[in-house]
Structure formats: C-alpha cells, structure tokens
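So the structure is just underneath, and the comments pick up after that.
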Amino acid sequence: MGGALDPGYHVLEVVPGIQCPDQLPPGQDFCASTQDSYAPSPADLSTEISVEIAAPDQIDWPGL
C-alpha cells in the first residue's frame, strides 16, 4: 500500500491482478500473472461501496 495509512476508517478497493490466458496471442511470447492488490478509494461522498453478506467460507476473498 506504500506505507501506513492515517488513523481512522479507510475504504479500500480491490485492483484485479493480471490473469494470463491459457493461450497467448500470436506474436506474444510472455505474460506475467499478478495477484489482486488494494488501493485507497477516493475520500469523498460519491465513492460507491458494496457489501456481501455470506458465510465466511462462501465469500470470494480477493487476494487472499
């Protein structure tokens, strides 16, 4: 995350990692998959969030 966040409540967004296809396009000989990461969401009132309520073993935890 680039360092410690200020004290308080923070909303983070999941930034999907790159997932390489099973077969690379012609002329492309390299692809590096990456894991999901997190980034601070904008600190304003227009930031949309979603909440998933389910048993912990049924949630698709990003990057974990």
For Val51, the other hydrophobic cluster members (4.5 Å side-chain criterion, sorted by chain and number) are Ile53
Can I get a per-line list of side-chain donor-acceptor pairs under 3.5 Å for residues 22-31, giving both atom names and the distance, sequence neighbours left out?
residue, atom, partner, partner atom, Å
Gln28, NE2, Phe30, O, 3.1

Examine distances only and state if a side-chain atom of Thr34 and a backbone atom of Gly17 form a donor-acceptor pair shorter than 3.5 Å.
no
Residue pair Val15, Tyr38: steps toward the side chain to side chain contact (heavy atoms under 4.5 Å, CB included) verdict
CA-CA 6 Å; Val15 180; Tyr38 300 92; over 6 Å; no
Identify, with sequence neighbours excluded, every residue that meets side-chain contact (heavy atoms from CB on, under 4.5 Å) alongside Ser41.
Val11, Glu13, Thr47
